[in-house]
Enquirer: 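Please see the structure below; I have some questions.
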Amino acid sequence: MQGTAYGDEQLAMAMRKELRERLLEAQNEGRPLRVYCGFDPRTSDLHLGHTVPMRKLRQFQELGHEVVFLIGNFTSLIGDPSDKDKLRPQLTPEEVEENARTYAEQAFKILDPEKTIIEYNAKWLSKLTFADLIKLASNFTVQQFLTRENFRKRWDKGEPVYLHETFYAIMQGYDAYALRADVQIGGTDQLFNIVTAARKLMTFMGVKPNIAIILDILPGTDGEVKMSKSLGNHIPLLSTPEDMYGKLMSVPDKAMGAYMRLLTRWTPRQIAELETGIAQGRLNPRDVKMQLAREIVEIYHGEDAAARAEEHFVRVFQQRDIPDEIPEYCLQEGETVLQVLRNANLVSSNSEGRRLIQQKAVRLDGEVLSDPRAAFPGPGVLRVGKRKFVRVSNCSATRE
RNA sequence: GGGCAGGUACCCAAGUGGCCAAAGGGGGCUGACUGUAAAUCAGCUGGCGUCACGCCUACGGGGGUUCGAAUCCCUCCCUGCCCA
């Protein structure tokens, strides 16, 4: 896994140099580095985008460093403006707590639970006074915030930039100070928060500024923008192997590079080989994508599950066959085609059902059903579109 | 507090009395094709029904004018800009 991105070469070099020095220093003091990354418990499920910094943390862990998994339960109350050019809704403390609960559990799919320190930033942030905030804020100018791209954009478009949003960077900077972190990991959207806010605040508070490791952002399944649940282009960490595999196959070809670099265990050399293979037409992008999907599913579900997921994909989507396990539906006396679609939860409204029937998307054992009002022909495998299947049977009749 | 410009569907955005369930784009869905749930092309994209027709809900909230309102008026809420 690779993919650091600093935006400018000077910063990258400075950070590399500092990291080297800090490593030596820590070695002399006989201590590991303290590495952290903060996560926003804005939603309750993690997705592959979250795994990018988490796997970087894991690497540090394996090298014997101390890793802090910080849950931003306090900062979530504001909502990080970094990755949006829009105000994010504030969550209630209850929502945040609810989300935070399942968070760590999922994180341990990647991190070593034995070696991970979990912290919540409400622990120190909730204790700061207004006077503290003023003191911290006096390190920054309004201009520094206004030149940040995402604030700038909104400013230019005449959209509101709320004062409390600027606190986010300050709070995050304070996290780094409270943790006395040596290294902080984050995506390119965290550049300002880490490099400007955190380092400045730490210096001001009289401790050594932490070193920034800035990672590329994983695009979502649309291949365009950052993977995020709210945009609906995410692949949940807890999705089934089949689903994860399928979603990975739906990623546009152009995003494959980023996925290979940010999500796999492959070396830069292996990736380069695959990429030139595709570029020269030696390798079929589909096959490479299948390898990619299998590799990623394997990381989270193991070899066997990944193999099964691939089989499922080939059977259902390439050969248009039906999957192994499909839900059952008991046909009721006198039901029409439309009613079955509805009752088996294959569609969410009658209109949607009619539309799909009109579009020839509804098949019973391969036969297109074209009349929504016709009586349902009888038992068989009902397929709606490419992904939805239900086995319709006469179970009530046979039972009696 | 004053002046001006705004608030439209999942998102962006047009529309400024009837032809508006609302252009266009994005997203999503479906089909064709394929090398894949990629790309490309086409269609669909509020709900209910006796479904080429009718009804209900919807253009920030409430009220009004009108045969008829996203469009006009009043009022309230929210946002931006300028002034204080």
Side-chain angles (χ1 to χ4, degrees), chain A residues 83-90 146 151-165 219-235 239-260 274-275 277-294 296-297 309-323 336-339 341-342 346-363 366 368-374 382-389:
Chain A
D83 63 336
K84 293 256 166 126
D85 41 13
K86 218 187 224 188
L87 177 69
R88 310 190 88 184
Q90 294 182 29
L146 288 182
F151 285 146
R152 169 101 256 158
K153 252 193 229 152
R154 283 202 258 160
W155 179 281
D156 289 344
K157 279 162 84 179
E159 283 169 5
V161 176
Y162 288 89
L163 196 54
H164 75 268
E165 294 182 83
T221 49
D222 55 352
E224 296 291 340
V225 291
K226 176 182 176 174
M227 182 175 286
S228 104
K229 189 185 182 187
S230 56
L231 295 172
N233 63 358
H234 69 307
I235 304 177
S239 44
T240 63
E242 285 79 15
D243 197 40
M244 190 183 271
Y245 191 98
K247 285 205 164 84
L248 285 163
M249 287 306 287
S250 81
V251 167
D253 290 2
K254 66 181 174 192
M256 280 169 65
Y259 276 63
M260 290 194 276
L274 292 170
E275 283 188 318
I278 293 172
Q280 293 169 358
R282 258 189 303 113
L283 294 174
N284 183 329
R286 183 203 51 187
D287 298 334
V288 175
K289 202 184 284 178
M290 285 176 76
Q291 268 184 60
L292 173 68
R294 186 158 175 170
I296 295 168
V297 174
E310 185 165 289
E311 233 171 85
H312 175 268
F313 181 83
V314 170
R315 165 141 43 133
V316 177
F317 299 110
Q318 292 185 352
Q319 296 166 10
R320 293 250 175 158
D321 206 343
I322 56 170
T336 63
V337 172
L338 188 59
Q339 280 167 335
L341 290 179
R342 217 38 235 271
L346 291 165
V347 297
S348 59
S349 72
N350 290 348
S351 306
E352 189 191 340
R354 281 197 198 92
R355 247 178 258 136
L356 287 167
I357 288 168
Q358 214 162 44
Q359 292 174 148
K360 300 193 200 319
V362 179
R363 292 189 189 86
V368 174
L369 299 179
S370 53
D371 185 359
R373 285 161 62 200
L382 184 62
R383 175 177 199 158
V384 177
K386 286 176 183 139
R387 297 174 229 190
K388 290 194 229 161
F389 296 89

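A note on names: the letters A, B, ... follow the listed sequences, proteins ahead of strands, and every chain is numbered from 1.
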Enquirer: Could you tell me whether G246(A) contacts a base, only the sugar-phosphate backbone, or nothing, with contacts defined as non-hydrogen atoms closer than 4.0 Å?
Expert: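 Base, at least one base heavy atom under 4.0 Å.
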Enquirer: Starting at CG of L292(A) and ending at C1' of rA38(B), how long is that distance when rounded to a whole Å?
Expert: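 These atoms are roughly 12 Å apart.
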Enquirer: Rounded to whole angstrom, note down the C1' distance from rA9(B) over to rU57(B).
Expert: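 About 12 Å, rounded to a whole number of Å.
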Enquirer: How far, in whole Å, is rC76(B) from rC83(B) if one measures between their C1' atoms?
Expert: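 Here rC83(B) and rC76(B) have their C1' atoms 24 Å from each other.
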Enquirer: Given atom CG of L356(A) and atom P of rG43(B), what is their separation to the nearest angstrom?
Expert: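 Taking CG of L356(A) and P of rG43(B), I get 17 Å after rounding.
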Enquirer: Nearest whole angstrom, please: distance from the C1' of rA37(B) to the NZ of K247(A).
Expert: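 Spelled out: NZ on K247(A) to C1' on rA37(B) is 11 Å.
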Enquirer: By the 4.0 Å heavy-atom rule, please label K289(A) as base, sugar-phosphate, or nothing.
Expert: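 Here K289(A) touches the bases of the nucleic acid.
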Enquirer: Could you tell me how far apart F317(A) (CZ) and rC33(B) (P) are, to the nearest whole angstrom?
Expert: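 From F317(A) CZ to rC33(B) P: 18 Å.
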Enquirer: Give one of base, sugar-phosphate or nothing for R373(A), where a contact means two heavy atoms less than 4.0 Å apart.
Expert: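 Sugar-phosphate: the residue R373(A), judged by heavy atoms under 4.0 Å, touches backbone atoms but no base.
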Enquirer: Which of parallel (below 30°), tilted (30 to 60°) and perpendicular (above 60°) describes F313(A) and Y245(A)?
Expert: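 Ring orientation, 0 to 90° scale: tilted.
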Enquirer: Does V251(A) offer a backbone N or O that forms a donor-acceptor pair with the side chain of K289(A) under 3.5 Å?
Expert: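 Between the backbone of V251(A) and the side chain of K289(A) there is a qualifying donor-acceptor contact (under 3.5 Å).
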Enquirer: Choosing from rA38(B), rU79(B), rA37(B), which nucleotide comes nearest the side chain of S250(A)?
Expert: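 When the side chain of S250(A) is considered, rA37(B) is the closest of rA38(B), rU79(B), rA37(B).
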Enquirer: Quick one: pull up CE in M249(A) and CD in Q318(A) and give me the separation to the nearest 0.5 Å.
Expert: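 Output value for this atom pair is 6.5 Å.
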Enquirer: Taking rG47(B) as the reference, what is the distance to rA58(B) when you measure between their P atoms (whole Å, please)?
Expert: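 One P to the other, the span is 15 Å.
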Enquirer: Could you tell me whether the side chain of R152(A) and the main chain of W155(A) form a donor-acceptor pair under 3.5 Å?
Expert: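 Flag not set: sc R152(A) to bb W155(A) has no pair under 3.5 Å.
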Enquirer: Check every atom of rA39(B), rA37(B), rU79(B) against the side chain of P252(A) and return the nucleotide holding the closest atom.
Expert: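 Nearest nucleotide to the side chain: rA39(B).
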Enquirer: If we take the P atom in both rG63(B) and rC19(B), what is their distance in whole Å?
Expert: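 One P to the other, the span is 23 Å.
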Enquirer: Measure the distance from NZ on K388(A) to P on rU30(B) and round it to the nearest whole Å.
Expert: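 Between P of rU30(B) and NZ of K388(A): 7 Å.
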Enquirer: Should the side chain of Q359(A) and the base of rG31(B) be counted as holding a donor-acceptor pair, with the cut-off at 3.5 Å?
Expert: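 For Q359(A), whose side chain was compared with the base of rG31(B), there is no donor-acceptor pair (under 3.5 Å).
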Enquirer: For P285(A), report the nucleic acid contact type (base, sugar-phosphate, nothing); a contact means any heavy atom under 4.0 Å.
Expert: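 Base contact - P285(A) has a heavy atom under 4.0 Å of at least one base atom.
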Enquirer: Examine rG49(B): is either OP1 or OP2 under 4.0 Å from a nitrogen or oxygen in the side chain of N350(A)? Give yes or no.
Expert: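 Checking rG49(B) against N350(A), a side-chain N or O does come within under 4.0 Å of OP1 or OP2.
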Enquirer: Could you work out, with ring-ring contact (aromatic ring centres under 6.0 Å, His included) as the rule, every residue matching F389(A), not counting sequence neighbours?
Expert: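 So F389(A) forms no ring-ring contact (aromatic ring centres under 6.0 Å, His included) with any residue.
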Enquirer: Regarding R342(A), tell me which of base, sugar-phosphate or nothing describes its non-hydrogen contacts under 4.0 Å with the strands shown.
Expert: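 Sugar-phosphate contact only.
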Enquirer: On a whole-Å scale, what distance lies between the C1' atoms belonging to rU16(B) and rC81(B)?
Expert: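 Approximately 23 Å lies between the C1' atom of rU16(B) and that of rC81(B).
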Enquirer: Using the C1' atom on both, measure rU79(B) against rU30(B) and round to a whole Å.
Expert: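 Between the two C1' atoms, the distance is 39 Å.
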Enquirer: State the CE-CG distance between M256(A) and L274(A), to the nearest 0.5 angstrom.
Expert: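 Those atoms lie 7.5 Å apart.
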Enquirer: On a whole-Å scale, what distance lies between the C1' atoms belonging to rA5(B) and rC53(B)?
Expert: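 Rounded to whole Å, the distance is 43 Å.
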Enquirer: Measure CD/Q358(A) against P/rG31(B) and give the value in whole Å, please.
Expert: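 To the nearest whole Å, that distance equals 14 Å.
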Enquirer: Closer to the 5' end of RNA chain B via nearest nucleotide, is it M249(A) or E352(A)?
Expert: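 The residue whose closest nucleotide sits nearer the 5' end is M249(A).
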Enquirer: Mind listing the closest non-hydrogen atom pair of R383(A) and D321(A) along with its distance?
Expert: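 So the two residues come closest at NH1-O, 3.8 Å.
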Enquirer: Rounded to the Å, how far apart are K254(A) NZ and rA37(B) P?
Expert: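 Taking NZ of K254(A) and P of rA37(B), I get 18 Å after rounding.
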Enquirer: Would one find a side-chain N or O of S349(A) under 4.0 angstrom from OP1 or OP2 of rG47(B)?
Expert: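 Checking S349(A) against rG47(B): at least one side-chain N or O falls below 4.0 Å of OP1 or OP2.
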Enquirer: Over how many whole Å does the gap from K157(A) atom NZ to rA13(B) atom C1' extend?
Expert: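 Taking NZ of K157(A) and C1' of rA13(B), I get 11 Å after rounding.
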Enquirer: Return no unless some side-chain N or O of R355(A) is found under 4.0 Å from OP1 or OP2 of rG46(B).
Expert: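 Answer is no, no contact under 4.0 Å.
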Enquirer: Please report the distance separating the C1' of rG7(B) from the corresponding atom of rA14(B), rounded so that it comes out in whole Å.
Expert: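 Here rG7(B) and rA14(B) have their C1' atoms 15 Å from each other.
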Enquirer: For a quick test of reading the model, state the closest non-hydrogen atom pair linking G366(A) to R363(A) and the distance between them.
Expert: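 What the structure gives for the nearest pair is O-CD, 3.7 Å.
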Enquirer: Would you mind telling me which residue lines up with the more 5' stretch of RNA chain B, R363(A) or H312(A), judged by nearest nucleotide?
Expert: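 The answer here is R363(A).
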Enquirer: Ignoring backbone atoms, establish whether S351(A) has a side-chain N or O less than 4.0 Å from OP1 or OP2 of rU45(B).
Expert: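 It does not, given that no N or O in the side chain of S351(A) lies less than 4.0 Å from OP1 or OP2 of rU45(B).
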Enquirer: How many angstroms lie between CG in L346(A) and CG in L338(A), if you round to the nearest 0.5 Å?
Expert: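 The CG atom of L338(A) is 11.0 Å from CG of L346(A), to the nearest 0.5 Å.
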Enquirer: Check RNA chain B for consecutive Watson-Crick or G-U pairs with both distances under 3.5 Å and list the runs of at least three as stems.
Expert: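 Only these stems qualify: B:1-7 with B:77-83, B:10-12 with B:24-26, B:27-32 with B:40-45, B:46-49 with B:53-56, B:60-64 with B:72-76.
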Enquirer: Tell me which nucleotide among rA39(B), rU30(B), rU79(B) gets nearest to the side chain of P160(A).
Expert: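 The closest nucleotide is rU79(B).
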Enquirer: Report the residues that fulfil side chain to side chain contact (heavy atoms under 4.5 Å, CB included) with V362(A), sequence neighbours left out, ordered by chain and then residue number.
Expert: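 With sequence neighbours excluded, V362(A) shows a side chain to side chain contact (heavy atoms under 4.5 Å, CB included) to L341(A), L356(A), I357(A), L369(A), L382(A), V384(A), given in chain and number order.
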Enquirer: When only distance counts, do a donor and an acceptor, one from the side chain of D156(A) and one from the base of rG80(B), lie under 3.5 Å apart?
Expert: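 For D156(A), whose side chain was compared with the base of rG80(B), there is no donor-acceptor pair (under 3.5 Å).
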